[in-house]
There are 2 protein chains.
Amino acid sequence: MNVLFIMADQFRWDHLGCAGHPYLKTPHLDALAARGVRFANAFVNSGVCGPSRMSYYTGRYPVSHGATWNRVPLSVGEVTLGEMLKGAGLTLALAGKTHVMPDRQGLARLQLEGGSELATLLARGGFEEIDRYDGHHAPGTESGYPAFLRAMGYGGDDPWSEHVIAALGPGGELLSGWHMRHCHLPARVQEAHSETAYMTDQAMAFVDRVGDRPWVLHLSYVKPHWPYMAPAPYHALYTAGQCLPVLRSAAERDDEHPVLAAYRQHEESVSFQRDDCIRTVRPAYQGLISQLDHHLGRLFAHLDARRQLKDTLVVFTADHGDYLGDHWLGEKELFHDTVQKVPFIVCDPRPQADATRGRVESRFVEAVDVVPTLLEALDVPVPTHRVEGRSLLPLLHGQAPADWRDMAYSELDYSWRQARLTLGKTRLERCRAFSLRTERWRYVYWLDEPEQLYDLQADPDEMHDLGRADGSAAVRAGLRERLLAFLAARRHRTTVTDAQNLAGTAQHKRAGVFYGQW
Amino acid sequence: MNVLFIMADQFRWDHLGCAGHPYLKTPHLDALAARGVRFANAFVNSGVCGPSRMSYYTGRYPVSHGATWNRVPLSVGEVTLGEMLKGAGLTLALAGKTHVMPDRQGLARLQLEGGSELATLLARGGFEEIDRYDGHHAPGTESGYPAFLRAMGYGGDDPWSEHVIAALGPGGELLSGWHMRHCHLPARVQEAHSETAYMTDQAMAFVDRVGDRPWVLHLSYVKPHWPYMAPAPYHALYTAGQCLPVLRSAAERDDEHPVLAAYRQHEESVSFQRDDCIRTVRPAYQGLISQLDHHLGRLFAHLDARRQLKDTLVVFTADHGDYLGDHWLGEKELFHDTVQKVPFIVCDPRPQADATRGRVESRFVEAVDVVPTLLEALDVPVPTHRVEGRSLLPLLHGQAPADWRDMAYSELDYSWRQARLTLGKTRLERCRAFSLRTERWRYVYWLDEPEQLYDLQADPDEMHDLGRADGSAAVRAGLRERLLAFLAARRHRTTVTDAQNLAGTAQHKRAGVFYGQW
């Protein structure tokens with residue numbers, strides 16, 4: 001069996017046709033959902049690219065893997081999916097983005113800088129890179145995309161900045177997609193030469209190259225993440241009126257939570273507090289999604305033509321959503337479903353999964369579940385002393401585990417953000433928040449700041465923060481208890497396997513140690 | 001300046017003359033306390049050798065360093081005092097015990113098995129071993145002690161088992177010190193050839209060898225830890241009547257905490273529930289302490305004769321205490337002051353510390369404080385993104401920091417013990433307990449088990465567990481809050497320094513990333 005693990009960047013859970021979006025068309029993702037299971041309560045373990053992805057790649061929560069924000073390297077002590085598969089003779093190939101930063105301090109300390117195969121694998125987070133493309137800035141030599149652009153005739157000092165994320169103004173002037181006011185214009189790149197098209201081509205070429213040998217591919221798109229420049233015709237596929245209503249209320253600005261208030265002063269939030277920004281960006285964002293869907297259709301058709309779709313387990317998900325103005329915020333990071341809930345579709349092609357095809361599963365799943373799911377599907381033992389997620393195969397195969405989790409966990413390290421400076425904080429390790437999402441509640445515990453609490457039954461759009469309301473003190477206390485129990489049970493003991501622990505229990509006499517005898 | 005960091009193994013805080021023991025004589029430790037500061041509220045971060053020592057060596061709590069029990073290796077990802085000093089050109093020499101286990105899985109994974117200098121240093125926890133001697137079982141070639149014993153004429157297959165921890169019975173038969181009923185007898189080793197004498201000799205020879213170059217020595221004794229065999233005359237220095245009263249009450253056995261009940265079924269607890277065991281072992285334990293004190297006197301005199309005592313910062317402490325029958329328990333691990341509080345004396349020879357000589361300091365200090373204290377004393381920068389303890393130099397230098405901690409933290413992983421099997425637990429990561437000790441309260445949070453709470457004001461001997469008492473629910477809730485805040489603020493982000501984090505805050509535009517602009 002092959003594995004195709006697809007990730008989109010900053011893709012909101014509610015921006016899927018099959019999730020009920022009234023205008024947005026995602027026929028190929030909808031078809032994938034019809035062939036597999038769509039998880040309607042799928043949550044990331046951080047609303048930030050880096051830590052979220054490291055949870056996807058290690059099966060561990062950020063509090064355990066330690067890569068708490070973007071560009072914080074994953075420690076060389078952490079083991080990723082790629083390395084787990086390597087031990088079993090499988091290779092995890094990468095086309096696209098991982099956001100992995102090499103742990104240069106750790107590698108230097110361990111004298112692993114020499115460019116050996118091991119050092120390279122560790123620096124790349126366990127991935128064999130077909131084409132590494134992290135997006136959001138001019139790509140370097142780690143990707144073939146700049147050379148491709150030049151070969152296709154795109155000139156200038158920086159074809160990415162001047163074409164891929166740029167448009168032409170009425171007077172022929174160059175307008176950068178970094179300014180969101182330009183996002184209604186088509187990007188200066190042909191659709192077939194866009195980032196999404198290019199990376200799909202890379203994936204298809206990989207599949208062709210590998211032939212009939214089994215493969216594991218992480219195809220990781222940089223869209224619909226900003227800069228929100230879509231190539232024609234996708235820039236104009238939707239009107240502002242065909243976008244979801246903005247989830248915000250004036251009441252949210254009354255007695256704001258201090259950290260949310262600080263985030264609302266960030267440039268991206270101030271911009272998205274403008275109606276014209278929302279009306280400009282949201283249609284482009286939807287266009288980028290429809291474009292992505294189109295290319296997934298192309299890829300699935302390619303696999304089908306090679307008769308590989310029937311042998312390929314497909315996971316489609318995202319690293320987090322995008323506020324796009326919801327809750328008076330731009331970007332992501334904080335704790336609302338807009339950001340924390342993600343699309344999550346898994347299609348297991350094997351007969352055991354036939355009973356669940358087309359099912360919408362409402363049990364809670366998390367980013368950390370991908371590693372154990374893929375390992376189990378590939379018959380690779382799960383290192384249970386490290387991995388904190390849970391295999392989804394029972395759910396895919398129609399079982400109903402009685403002890404399935406009833407909450408999702410997420411966290412934030414905002415020490416890297418302007419908000420920390422706004423709030424005058426200098427104790428970095430205390431710029432942290434920890435959130436639990438149950439069916440009924442969204443709870444956030446902030447060090448040194450008030451709690452947040454939303455009653456999703458009465459307030460599904462998370463408009464009324466009960467974090468300081470007297471009437472919900474008992475609910476908050478109960479959720480604090482759950483959070484304490486959660487943090488107390490993390491997998492800290494990573495140097496000994498569970499099997500060794502089980503076999504080593506009460507064995508001192510076997511080691512020649514006979515204490516306590518009278 | 002030199003540093004002499006002395007650790008004793010399983011040395012109770014209340015077994016010091018200067019701490020008020022009415023019979024036990026420890027004149028040389030008392031003199032050290034008179035020259036320095038004795039910390040009367042010093043606590044370990046685990047009541048188990050391995051995790052406690054790893055906290056002493058990393059400056060990090062067990063929940064952060066991950067070596068949660070004995071023989072659980074410290075991850076190669078963790079940095080110890082020895083490595084921190086190495087970066088500054090200083091060497092941490094070891095004479096005695098560290099309980100460091102090589103992280104063989106981690107070293108193999110990183111291809112660091114070849115016996116390189118780095119691999120050797122990592123396998124030894126950052127120590128340069130003069131003589132590694134972990135004790136409690138027949139020493140191997142890592143120590144010169146077996147060869148020394150043979151050179152001194154001790155024969156047999158295993159001179160340690162047959163002489164050092166053995167006695168002769170009335171009929172000339174060999175009696176093993178593993179049976180505590182024999183601990184009133186003298187060990188079959190001359191005092192000058194005992195473990196304590198030998199390791200002191202090693203330290204003195206090291207000091208002589210090094211000469212006038214500055215040195216950092218960790219002298220780590222395996223006594224007064226079991227087997228409790230003292231050589232003459234120390235086996236008979238004290239009578240049972242000259243020992244501290246046993247801290248236990250019948251009420252402790254009523255409605256026992258489930259985990260304590262399971263520990264009380266361990267062989268060492270059953271033995272120490274016998275009065276004859278207590279009356280046999282405690283005098284020998286005190287004898288071993290007086291012997292240790294005697295050799296410390298010898299070492300201090302040697303340094304003084306070399307005119308080095310005035311240039312040597314001395315830390316004396318222990319990895320935990322010993323129940324010796326208190327609370328119907330043997331050994332250690334659980335959460336009573338008998339185990340968690342330790343002797344802790346620091347003598348800073350520099351003039352800045354003159355004002356505090358002889359002081360008894362009651363502020364709370366913890367094992368994790370040793371690393372930052374020694375680093376600061378040696379002018380080596382403290383890696384604050386890893387180290388969780390706090391330098392004691394301000395207290396030694398007569399300052400009164402307003403924000404000093406008002407609690408100590410400790411934890412336990414009992415997945416390795418018979419108690420887990422007795423309780424029928426299979427979820428290893430849930431066999432954990434977390435304790436806070438404030439001036440007023442000893443609180444213990446157990447996953448899946450009731451809490452423990454002792455009111456040290458009303459009940460200084462910790463006899464009455466209020467963990468399930470209605471009247472103390474609010475106190476427990478408050479302490480749970482503190483524990484949650486503690487666990488939420490651990491140093492997880494170890495791959496980026498604090499300076500990098502501070503400098504990297506809100507710097508995306510410098511990296512060419514311009515999101516959020518309208």
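Excluded from the calculations below are hydrogen atoms, water molecules and symmetry mates; all remaining heavy atoms, backbone and side chain alike, are included.
Remark: of the listed residues Arg386(A), Glu388(A), Arg491(A), Glu388(A) is the sole one forming a side-chain hydrogen bond (donor to acceptor under 3.5 Å, both in side chains) with Ser64(A).
With a 4.5 angstrom heavy-atom cutoff, Arg430(B) touches chain A only via side-chain atoms. Residue Val270(B): no heavy atom, backbone or side chain, is found under 4.5 Å from chain A. Only the side chain of Leu112(B) comes within less than 4.5 Å of a heavy atom in chain A; its backbone stays farther off. Interface residue Leu110(B): backbone and side-chain heavy atoms are both found under 4.5 Å from chain A. For Lys425(B), no part sits under 4.5 Å from any heavy atom of chain A, backbone or side chain. In this structure, chain A has no heavy atom under 4.5 Å from any part of Asp448(B). Heavy-atom distances place both the backbone and the side chain of Gln500(B) under 4.5 Å from chain A. Contact annotation for Ser161(B): neither backbone nor side-chain heavy atoms come within less than 4.5 Å of a heavy atom of chain A. When heavy atoms are compared at a cutoff of 4.5 Å, Gln111(B) approaches chain A by way of both its backbone and its side chain. Only the side chain of Glu331(B) comes within contact range of chain A, with at least one heavy atom under 4.5 Å from a heavy atom of that chain. Both the backbone and the side chain of Asn501(B) come within less than 4.5 Å of a heavy atom in chain A. When heavy atoms are compared at a cutoff of 4.5 Å, Pro73(B) approaches chain A by way of both its backbone and its side chain.
Looking only at heavy-atom pairs under 4.5 Å with chain B, the residue among Leu74(A), Asn70(A), Leu118(A) that has the most is Leu118(A). In terms of heavy-atom pairs under 4.5 Å with chain B, the best-connected choice from Gln105(A), Gln418(A), Arg104(A) is Gln105(A). No other option in Leu487(A), Leu447(A), Thr68(A) has as many heavy-atom pairs under 4.5 Å with chain B as Leu447(A). Top candidate by heavy-atom pairs under 4.5 Å with chain B, chosen from Gly512(A), Ser415(A), Gly330(A), Gly106(A), is Ser415(A). Residue with the most contacts toward chain A among Glu481(B), Arg71(B), Arg427(B), His266(B): Glu481(B) (heavy-atom pairs, distance under 4.5 Å). Your options are Gly516(B), Ser269(B), Cys183(B), and the one with the most heavy-atom pairs under 4.5 Å with chain A is Gly516(B). With chain B as partner, the option from Val76(A), Asp276(A), Thr426(A) having the largest number of non-hydrogen pairs under 4.5 angstrom is Asp276(A). Among Glu268(B), Glu429(B), Met180(B), Arg181(B), the residue making the largest number of heavy-atom pairs under 4.5 Å with chain A is Arg181(B). The most heavy-atom pairs under 4.5 Å with chain B, out of Arg490(A), Met101(A), Arg432(A), His137(A), come from Arg432(A). Chosen from Ser271(B), Gly77(B), Ala433(B), the residue pairing most often with chain A at heavy-atom distances under 4.5 Å is Ser271(B).
In summary, Glu117(B) and Lys86(B) do not engage in a salt bridge, as defined by a charged side-chain N under 4.0 Å from a carboxylate O. A salt bridge links Glu333(B) with Arg417(B): at least one charged nitrogen is closer than 4.0 Å to a carboxylate oxygen. Using a cutoff of 4.0 Å between basic side-chain nitrogens and carboxylate oxygens, Lys509(B) and Glu267(A) are scored as salt-bridged.
Taking the six-membered ring for Trp and the full ring otherwise, His136(B) and Trp226(B) have centroids separated by under 6.0 Å. Note: Phe272(A) and Tyr323(A) fail the aromatic proximity criterion, with ring centroids not under 6.0 Å apart.
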* Does the pair Arg109(A) and Glu78(B) meet the rule for a salt bridge (charged side-chain N to carboxylate O under 4.0 Å, His left out), with working shown? -> CA-CA 11 Å; Arg109(A) 173 180 167 251; Glu78(B) 289 293 311; over 6 Å; no

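The nearest pair of heavy atoms linking Ala123(B) to Leu107(B) is CB-CD1, 4.1 Å.
Geometric assessment of Arg482(B) against the ring of Phe486(B) yields a negative cation-pi assignment under the 6.0 Å and 45° thresholds.
Remark: side-chain polar atoms of Thr80(B) are paired, donor with acceptor, to backbone N or O of Gly125(B) under 3.5 angstrom.
Note: Tyr445(B) and Phe434(B) have tilted aromatic rings, judged against thresholds of 30 and 60 degrees for the angle between ring planes.
Inspection of the Asp103(A) and Thr495(B) side chains reveals no N or O donor paired with an N or O acceptor under 3.5 Å. Under the 3.5 Å distance criterion, with hydrogens and angles disregarded, a donor-acceptor pair is assigned to the side chains of Arg420(A) and Thr505(B).
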